[in-house]
Amino acid sequence: MAHWLMKSEPDVYGIHHLRADGTNMWEGCRNFVVRNYIRDEMKVGDRALFYHSNVPPIGAVGVMEIVSEAYPDPTQFDPNSKYYDATSKPEKPKWYVRDVRYVETFPRVVTLAEIKEHPVLSVSQVGRKGNRLSVSRVTDEEWAIFMELGHRTS
DNA sequence: GCCAACGTTGGC
DNA sequence: GCCAACGTTGGC
């Protein structure tokens with residue numbers, strides 16, 4: 001089973017929204033690397049860190065699970081959506097989504113500052129300087145560290 | 001609000 | 001196919 005980290009701005013869609021919704025579509029990816037992760041590489045049952053970007057405290061705040069196969073992102077065909085893409089045609093969609101299910105909110109945030117200081121997490125995909133991908137890979141080793149830090153109670 | 005990083009677009 | 005210009009992301 002692979003692991004992922006998925007970014008969202010908490011005032012747009014935060015983990016509290018997913019907790020309330022239970023399951024939701026992860027919409028709006030408009031980057032080809034991320035599209036390929038979502039469409040081709042994720043598997044049902046994979047788990048992902050929910051990461052809050054832009055608004056402090058920035059960092060990994062909880063866990064969700066991938067619960068659907070990839071399907072075309074409906075917002076790309078909706079002229080009223082901010083994610084509308086006039087260059088994408090229904091017979092050949094450019095952008096895909098997965099449904100995700102809420103699993104848990106960490107007792108504490110694993111902050112970006114902590115990620116950058118950590119010998120292992122600092123060289124992870126999300127920890128590297130200049131990484132702007134909204135979805136990134138998390139190795140098994142990194143995942144275990146995130147779980148430990150997110151549940152630390154000392 | 002600024003700016004570094006980097007993806008995308010479009011001229012050639 | 002190259003690359004400059006531009007737009008976006010996201011940390012600070």
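Using a cut-off of 4.0 Å between Lys/Arg side-chain N and Asp/Glu carboxylate O, A/Asp73 and A/Lys94 are scored as not salt-bridged. For the pair A/Glu104 and A/Arg19, the salt-bridge criterion is not met [side-chain N within less than 4.0 Å of a carboxylate O].
The salt bridge (Lys or Arg N to Asp or Glu O under 4.0 Å) pairs that include a residue from residues 59-70 of chain A are A/Arg47-A/Glu65, A/Glu65-A/Arg101, A/Glu69-A/Arg98, where partners are two or more places apart or lie in different chains. Sequence neighbours left out, the pairs with a member in residues 86-132 of chain A that pass ring-ring contact (aromatic ring centres under 6.0 Å, His included) are A/Phe32-A/Trp95, A/Phe106-A/His151.
In this structure, the side chain to side chain contact (heavy atoms under 4.5 Å, CB included) partners of A/Tyr84, at least two apart in sequence or on a different chain, are A/Pro79, A/Ala86. With sequence neighbours excluded, the residues that form a side chain to side chain contact (heavy atoms under 4.5 Å, CB included) with A/Glu141 are A/Val120, A/Thr139, A/Ile145.
Taken residue by residue, residues 71-99 of chain A places no heavy atom nearer than 4.0 Å to DNA chain B.
Taking the six-membered ring for Trp and the full ring otherwise, the centers of A/Trp26 and A/Phe50 sit less than 6.0 Å from each other.
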query: Once each nucleotide of nucleotides 5-12 of chain C is scored for protein heavy atoms under 4.0 Å, what B/S/- sequence comes out, 5' to 3'?
result: --BBBBBS
